[in-house]
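Written below as structure tokens is the structure these notes are about.
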Amino acid sequence: MSTPPPTHPRPQVIALEEHYFDPELSKLFDGYEAQPKMGPRLLDLDHERIRLMDEAGVDIQVLSHAAPATHRLDGATAVPIARRVNDRLRETIARHPSRFAGFATLPAADPQAAADELERAVVELGMKGAMVHGLTQGLFIDDKRFWPIFERAQALDVPIYIHPSRPNPVVIDAYYKDYVKEFPSITNAGWGFGVETATQAVRLVLSRVFETYPKLKIICGHLGEGLPFLLWRIDMTMSRSGNSPLYFRETFREHFWLTTSGNFSHSALLCTVMEMGIDRILFGIDYPYVENAPGTAWMQEVPLCTEDREKILNGNAKRLLRM
């Protein structure tokens with residue numbers, strides 16, 4: 001039986017980047033992403049998770065499998081596992097339909113199968129879109145072999161959420177190895193994740209995938225991995241002679257939605273509002289890597305009017321995900 005959300009006079013809170021582990025898939029992870037300290041919380045999809053949601057005032061989590069999901073698996077391995085992962089996520093949502101929604105896990109190493117699984121997950125399982133994690137077998141998601149995923153996402157009118165994962169080992173060796181021992185977070189959420197995911201987003205625009213699929217919708221977390229601060233400059237420099245014609249800033253602002261996940265900064269949020277507009281910002285926490293309570297408490301303090309705050313907390317998600 002579903003646990004109903006608490007009833008009290010406040011805006012509904014829908015959080016979009018909230019992670020979990022599937023027991024079968026998570027056993028295939030290596031290194032830091034096994035997350036031994038986070039494991040129990042990632043695996044829990046009932047008692048403590050809902051209790052902590054209630055304490056912080058989170059009504060709905062849109063669940064997504066934590067990185068790297070299936071993105072380091074070969075296609076033959078990833079396809080059947082992704083189906084089972086999505087089926088089990090649907091069972092979880094069915095237990096708590098008023099508390100959870102979901103983003104599908106895709107076997108991106110087999111792009112056509114991934115497109116088919118996206119359709120099955122949306123049409124048959126009720127998923128709200130899908131999340132992809134970092135590199136797929138060393139390739140960025142803008143590579144044209146992955147475009148069947150984007151074609152199907154446009155046809156289904158659902159977003160693809162691009163999420164960080166571990167940078168390419170060559171990048172770690174060239175950029176970060178001097179500081180990894182003392183500051184291990186430099187390769188992940190402290191810096192490396194943001195660089196990798198911002199690069200994914202920039203490459204998507206440069207690939208012209210949005211010209212081919214003009215209604216494609218992309219979500220990016222952490223208030224856009226710094227890109228709202230840089231959009232004007234990127235656009236200006238990309239328009240210099242020698243570059244192919246491209247409306248970078250316009251394209252980004254038309255096709256991207258950004259979440260607040262793990263970036264509870266007034267100044268970063270206000271920059272993002274000014275650059276993207278309030279209708280393109282969604283609430284996210286990044287649970288369990290970030291605690292719920294600081295996220296909801298921060299939203300009560302942000303210098304926005306009530307209407308704009310509610311758009312971030314629930315209205316924009318309801319429109320984008322048709323909730």
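Keep in mind that this is a model prediction, so the values were computed, not measured. Positions are given from 1 along the sequence.
In this structure, the side chain of T296 does not engage the main chain of G57 through any donor-acceptor pair within 3.5 Å. Checking side-chain atoms of Q12 against main-chain N and O of N314 turns up no donor-acceptor pair under 3.5 Å.
L135 and F150 end up in different hydrophobic clusters when Ile, Leu, Val, Met, Phe, Trp and Tyr side chains are linked at under 4.5 Å. When hydrophobic clusters are built by joining Ile, Leu, Val, Met, Phe, Trp and Tyr residues whose side-chain heavy atoms come closer than 4.5 Å, directly or via intermediates, I14 is grouped together with L320. Two different hydrophobic clusters hold F193 and F140 under the rule that ILVMFWY side chains link at heavy-atom gaps under 4.5 Å. In terms of hydrophobic clustering, with Ile, Leu, Val, Met, Phe, Trp and Tyr side chains grouped at heavy-atom distances under 4.5 Å, L45 and M53 are assigned to a common cluster. Tracing side-chain contacts under 4.5 Å through hydrophobic residues (I, L, V, M, F, W, Y), one reaches V158 starting from W147; they form part of the same cluster.
Screening M238, E275, M236, R233 for a side-chain contact (heavy atoms from CB on, under 4.5 Å) involving R249 leaves a single residue, E275. Here the options are S165, P164, P167, the test is side-chain contact (heavy atoms from CB on, under 4.5 Å), and the partner is T197; only P164 passes.
In this model, no donor atom of one side chain and acceptor atom of the other lie less than 3.5 Å apart for N243 and R240. No hydrogens or angles considered: a donor-acceptor pair under 3.5 Å links the side chains of D74 and T77. Looking only at atom types and distance, the side chain of T136 has no donor-acceptor partner in the side chain of R72 under 3.5 Å away. For the residue pair Q61 and Y287, no side-chain donor N or O sits within less than 3.5 Å of a side-chain acceptor on the partner. Q137 and H71 share no donor-acceptor pair across their side chains, judged by distance under 3.5 Å alone. In this structure, a donor-acceptor pair under 3.5 Å is absent between the side chains of Q154 and K217.
Taking the charged nitrogens against the carboxylate oxygens, R152 and D116 do have a contact shorter than 4.0 Å, which makes a salt bridge. Contact check on D279 versus K311 returns a salt bridge, with a Lys/Arg side-chain nitrogen under 4.0 Å from an Asp/Glu carboxylate oxygen.
Residues H266 and E301 meet the side-chain proximity criterion, which asks for heavy atoms closer than 4.5 Å. Side chains of I219 and I160 form no contact here, defined as non-hydrogen atoms less than 4.5 Å apart. P107 has its side chain out of reach of I81: every pair of non-hydrogen atoms, C-beta onward, lies at least 4.5 Å apart. Looking at N263 and T272, their side chains never come closer than 4.5 Å, going by heavy atoms from C-beta outward.
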Could you list the donor-acceptor pairs under 3.5 angstrom formed between side-chain atoms of residues 62-70 and any protein atom two or more places apart in sequence or on another chain?
{"unit_1": "S64", "atom_1": "OG", "unit_2": "H19", "atom_2": "ND1", "d": "3.2"}
{"unit_1": "H65", "atom_1": "NE2", "unit_2": "D22", "atom_2": "N", "d": "2.9"}
{"unit_1": "T70", "atom_1": "OG1", "unit_2": "L106", "atom_2": "O", "d": "2.6"}

- Task: Could you give me the CA-CA distance, side-chain angles and deciding distance for R280 and E254, then say whether salt bridge (Lys or Arg N to Asp or Glu O under 4.0 Å) is met?
- Result: CA-CA 9 Å; R280 292 295 173 128; E254 180 180 351; over 6 Å; no

- Verdict with supporting geometry, E91 and N86, side chain to side chain contact (heavy atoms under 4.5 Å, CB included): CA-CA 9 Å; E91 292 170 3; N86 291 329; over 6 Å; no

- Message: Show, in sequence, the C-alpha distance, side-chain angles and deciding distance for D110 and R145, and conclude whether the salt bridge (Lys or Arg N to Asp or Glu O under 4.0 Å) test is met.
- Response: CA-CA 9 Å; D110 185 336; R145 70 192 73 185; over 6 Å; no

- Message: Could you go through R51 and D46, starting from their C-alpha distance and side-chain angles, then the distance that decides it, and tell me whether this counts as salt bridge (Lys or Arg N to Asp or Glu O under 4.0 Å)?
- Response: CA-CA 8 Å; R51 177 181 66 80; D46 294 287; over 6 Å; no

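H96 and F100 have perpendicular rings, their planes meeting at more than 60° on a 0 to 90° scale where under 30° would count as parallel.
By the side chain to side chain contact (heavy atoms under 4.5 Å, CB included) test, P169 pairs with no residue at all, sequence neighbours left out. In this view, W191 satisfies the side-chain hydrogen bond (donor to acceptor under 3.5 Å, both in side chains) rule with no residue, not counting sequence neighbours. With sequence neighbours left out, the side chain to side chain contact (heavy atoms under 4.5 Å, CB included) criterion links S239 to no other residue. With sequence neighbours left out, T306 forms a side chain to side chain contact (heavy atoms under 4.5 Å, CB included) with R309, E310.
Contacts classified as ring pair (Phe, Tyr, Trp, His ring centres under 6.0 Å) and involving residues 209-228 (residues at least two apart or in different chains) are given here: F210-H255, F210-F256.
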